[in-house]
Amino acid sequence: MFEEETGVPVEQTKYENTPYKSAISNALGTSEAPDIFYIWPGPNRLGRYVQNGNVIPLDGVLSEDQQSNIISDALRGTKYEEGDLLSWRSEDGSTYGVPYDVAAIPIWYNKNVLNDAGVNTDRLQHATDLTWSNFLDICSTITDAGYTAVECGNRNRWTIGHWISAFMIKAAGVDHYYNAAFGINDASLTDKPFVTALSRLKQLYEDGYFNRDINSLNNNEAAALFFSDQAAFWHQGTWVTEQISTQAPEEFGGVPDAMDYMWWPAFPDSYENSANERMSVVPNSTVAISAQAAERGDEHLSNVKDFASFFGSFDAQKRFFEISGSPVTRTDVYEEIDMNATQQTLTNTVDQLQSSDAVGMVFDVAFLPETTEALLSAGQELFTGGDPESLLQDVQKTNQDALSNL
Amino acid sequence: MSTESDYGIPVREIGSELVEKLSGLMAFVVTGIFLVPIGLLLVTSVKSRTEIFTNPLALPAEFQFENYANAWTTGGFGQYFLNSVIVVGISLVFILLLSSLAAYALVQFDFPADNFMLVFFLAGFMIPPQVLLVPLYTIMNALNLLNTYYSLIFAYIAFGLPFSVFLLRQFFVTIPDTYAEAARMDGCNELQVFFRVYLPLSMPALAAVAIYQFVFLWNEFLYAIIFITDDTLRTLPAGLMAFQGQYSGDWAQLAAGIVIAVTPTVIFFLLFQRQFMRGISMGTTKG
Amino acid sequence: MSTQKQGSNLRAVASSAVAITKSVFEERPHWLFLLPALLIYLPFLVIPALGIFGLSVFQWSGLGDMSFNGIENFVRAFTSDIVYTSLWHNIEIAFWSLVLQAGVGLVLALVIYRFSDRWRQFFQVTYLLPMTLMSVAVSMVWGYMYNPSYGVLNTVIKALGSDWSPLWIGSESQALYAIIIVATWQWTGFRVILWLAGLDSIDESLLEAARIDGAGPIQRFRYITLPLLKPVAIFISIYTIIGSFNSFVYVWVMTRGGPGHASEVMVTWIYKNAFLQSNFGRAAAISVLLFVIVLLLSLLNMRLGDREAGGANP
């Protein structure tokens with residue numbers, strides 16, 4: 001589409017999700033680096049390239065119109081001060097990527113199971129203010145009815161990472177969460193709210209609300225059980241539709257007939273503004289320009305910048321949404337499209353992200369790689385008898401090491 | 001049966017017969033243990049997605065052969081299979097050629113570094129591929145070979161050389177020198193002696209090396225997942241892993257993919273079991 | 001003019017290069033045969049092997065430049081408990097592999113050895129079958145069997161009327177053993193075949209002579225078979241141990257080293273350091289330890305092997 005409009009030829013290389021980060025890391029080290037590439041925004045990814053000088057700031061790439069229509073947290077999530085990985089989300093920083101799409105990560109509930117267990121789903125639909133004790137009550141009703149309350153497949157570890165991120169943000173707030181991760185303002189991952197977060201996860205398991213085999217299943221196996229009406233809750237990002245098509249039985253009704261979403265339970269007893277801050281992936285992917293592109297001549301760079309800007313344009317965003325169905329960063333797109341019920345439900349998450357006070361990112365994008373690794377391991381050990389406080393002490397120690405190593 | 005029985009103490013005889021019967025039974029039970037998971041895999045591969053949960057042990061109500069078709073096309077196994085054939089095929093040809101050339105040099109020529117070179121190749125035995133993971137990745141990265149067939153092919157040839165050189169050298173020493181002498185009398189140069197005399201005579205040893213290496217390379221996983229990041233270049237073991245990530249809740253589909261991936265080595269093994277066993281016993285008893 | 005001259009110069013250089021090469025190969029034809037193998041062997045095996053030590057004193061994130069940091073990698077790698085946990089798991093795997101693969105393998109080999117040729121052939125083939133399957137596939141099939149809700153193992157346990165429902169690979173205390181079971185399943189048959197090769201190399205007449213001298217089956221095994229199997233036993237034991245230290249696939253596919261680090265082994269920890277945490281220097285430092293262990297085991301094998309052969313080996 002961009003080629004058609006501008007006549008600038010574009011050459012594409014496609015990669016799958018998981019191996020992409022090593023592929024792009026390899027390529028950026030060479031003279032064959034792409035001009036422009038997709039990348040996740042946090043310190044774990046884009047931040048490393050900022051630190052290494054592999055990418056250039058995108059001054060003037062985003063137009064006024066784009067700046068005003070893109071979700072503000074998405075814009076902030078691409079900002080860094082030059083060469084400083086830990087300055088992520090700094091208001092004074094430069095934009096290093098065009099935020100492209102977003103993914104909300106809520107908890108999904110299975111309507112059949114809840115109805116059968118006698119839980120009124122109206123209260124849950126898209127709820128932001130359900131408290132921890134409300135949630136425990138519901139879980140108890142569900143298990144009494146003979147269902148698994150929350151199905152989770154944590155064999156490959158990243159799934160519980162979403163729970164940990166959400167609970168930490170709910171218990172401490174977004175700012176405290178990032179401060180602890182980057183060792184700013186004396187914040188530490190051993191602070192009380194984080195202990196509360198992990199203790200509550202452990203409680204969910206010990207009270208029998210998580211499936212007992214949480215560490216034995218992987219996410220798709222858990223999904224299959226949720227889709228086949230064996231469990232009431234299961235969490236997933238808004239990319240869920242793809243999983244429904246590969247894992248669910250054919251008769252499964254999908255979103256929103258058979259399942260709908262609610263936000264993570266709020267912990268007002270631990271953090272006052274809990275209900276108004278969210279955990280999600282905002283932005284999900286961004287488009288960055290490599291340092292090599294800047295060395296290939298001014299005219300070339302200007303074309304590359306136009307192309308980057310194109311990703312934030314109304315037309316491109318609209319088209320991307322129509323084709324992929326996953327939410328984009330420009331909210332004005334949604335007003336122009338005649339959406340089906342599934343799309344309406346999915347994009348409703350974006351409105352709620354937009355209207356929240358702050359959105360925090362899952363830690364496997366936001367935290368340093370060593371810390372991520374340690375926290376993911378801790379996320380399994382929580383369910384094998386680990387003590388939240390001492391697990392967090394180990395993670396904090398790893399984090400300090402990693403920060404001092406930068 | 002035995003000569004002892006003439007003098008035999010009956011109890012002892014019954015005892016040993018019992019031991020014999022029991023041990024025979026054990027051999028069969030073990031066979032069962034080895035075969036049951038394989039049978040289970042085959043059954044699962046023709047089940048439907050939901051039967052896995054509702055009826056884990058039962059035979060499928062209806063054979064779902066489309067699981068195989070789906071794995072081959074939408075699951076990308078056709079491409080993975082082709083990649084494996086290319087990478088393993090090229091690696092095998094070069095392993096055989098390079099190691100037999102080297103083994104010929106070690107056997108047919110007397111040169112000062114003769115013994116050193118033998119030890120030099122044998123030393124490769126002591127370096128398992130897993131240990132080389134990090135430096136080899138670094139080298140492939142520096143040579144810009146990551147994410148190409150070459151990265152795997154070069155690594156696989158290098159890993160295959162020590163054992164193959166060793167085995168072929170063992171075999172070449174058993175070929176009488178007179179054959180080579182006679183060929184040289186007829187005016188053959190060294191290369192011709194190698195290609196016309198040694199190679200044809202060494203077919204059994206080459207076959208043993210080829211089969212052994214084929215099984216190893218076809219199944220190699222660690223380097224396959226690290227060197228190749230582009231889905232269209234993945235070999236089967238890495239493809240299987242990616243496939244599991246995508247379809248892991250759909251065991252029937254995954255099982256079909258697994259059957260496709262393992263079939264070549266199983267067929268190869270069943271066809272060439274004798275050469276395979278021969279390779280094993282050459283590798284152990286003469287080492 | 002100048003291009004012509006350059007061309008002829010080039011041609012002269014090329015032809016003299018060819019001539020030199022030719023004369024080298026004529027005088028030392030062995031290099032012609034060795035060179036192709038060395039061209040691959042040196043850069044992709046020998047240099048990386050030395051490179052482990054080099055890399056271990058640099059910091060490198062897989063991107064950008066490397067920077068020298070002395071023993072920092074070793075300090076950081078070996079002050080963390082995880083490396084010792086991993087090492088201990090490798091030792092546990094090695095121990096159980098010795099008992100189950102090598103030990104049970106020997107018993108099975110002795111049983112099969114006495115069968116008629118046809119049966120022996122049957123057992124050899126069925127026993128070797130697991131080894132020919134790719135380990136990734138084997139891990140996945142076993143991962144499926146270990147599934148606590150609909151896996152075969154727990155379904156069978158339930159059908160037998162027991163309410164024991166182990167979590168297998170999801171349990172901190174069982175994960176490592178679940179992995180050892182899979183390794184045993186895949187490799188015991190191979191050990192049996194190795195033992196059989198050893199048994200076949202024993203001279204029947206020695207056993208016959210002992211029998212005539214009145215030695216019972218147990219005595220014959222103790223005093224004749226066992227001592228003669230010693231070289232094979234050393235080979236099998238040491239390669240079983242080395243194999244255990246190189247474990248990766250089962251762990252990676254089934255547990256990723258989890259839950260927590262309950263099934264972490266050296267190679268998965270190296271992998272995580274390098275490719276998940278982008279810490280290649282530290283990964284190399286851990287590789288050095290693994291390399292040294294494997295090297296010592298190989299040298300031990302050679303020494304013991306030599307002593308057994310009594311210098312008769314060429």
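For the numbers below, each heavy atom of this structure counts, side chains included, while hydrogens, waters and symmetry mates do not. On a predicted model such as this, the values are computed, not experimentally measured, just so you know. Per chain, numbering begins at 1; letters A, B, ... match sequence-line order.
Considering only heavy-atom pairs separated by less than 4.5 Å from chain C, the leading option among A/Gly385, A/Ser377, A/Ala402 is A/Ser377. Between chain A and the residues C/Arg76, C/Glu264, C/Lys272, the most heavy-atom pairs under 4.5 angstrom are made by C/Arg76. Highest contact tally toward chain A, considering only C/Ser278, C/Gly170, C/Ala262, C/Gly151, is held by C/Gly170 [criterion: heavy-atom pairs under 4.5 Å]. Between chain C and the options A/Ala378, A/Ser216, A/Ala374, A/Pro369, heavy-atom pairs under 4.5 Å are most frequent for A/Ser216. Of the listed residues (C/Gly258, C/Gly257, C/Ser165, C/Ala175), the one with the most heavy-atom contacts under 4.5 Å to chain A is C/Ser165. Considering only heavy-atom pairs separated by less than 4.5 Å from chain A, the leading option among C/Glu172, C/Glu72, C/Gln59 is C/Glu172.
Outside the 6.0 Å centre-distance limit, the rings of C/Trp185 and C/Tyr250 are not counted as a close aromatic pair. Remark: aromatic rings of C/Trp88 and C/Tyr84 are distant, center separation not under 6.0 Å. Ring centers of C/Phe275 and C/Phe280: under 6.0 Å apart, within the cut-off. For C/Trp168 and C/Tyr177, the distance between ring centers is not under 6.0 angstrom. Aromatic pair A/Tyr205/A/Phe210: ring centres not closer than 6.0 Å. Checked against a 6.0 Å centroid threshold, the rings of A/Phe233 and A/Tyr209 do not count as neighbours.
Only the backbone of C/Thr255 comes within less than 4.5 Å of a heavy atom in chain A; its side chain stays farther off. Contact of A/Asn52 with chain C is made through the side chain alone, with heavy-atom distances under 4.5 Å. The contact between A/Asp401 and chain C is made by backbone and side chain atoms together, counting heavy-atom distances below 4.5 Å. Contacts between C/Asn279 and chain A at a heavy-atom distance below 4.5 Å involve the side chain alone, from C-beta outward. Of the atoms belonging to C/Ser149, heavy atoms from both backbone and side chain fall under 4.5 Å from chain A. Only the side chain of A/Arg157 has a heavy atom closer than 4.5 Å to any heavy atom of chain C.
Each of A/Ile164, A/Thr372, A/Val281 was evaluated against A/Val362; a single residue qualifies, A/Val281, per the side-chain contact (heavy atoms from CB on, under 4.5 Å) test.
Between C/Trp269 and C/His261, the ring planes are perpendicular. Angles over 60° get that label, and only those under 30° would be called parallel.
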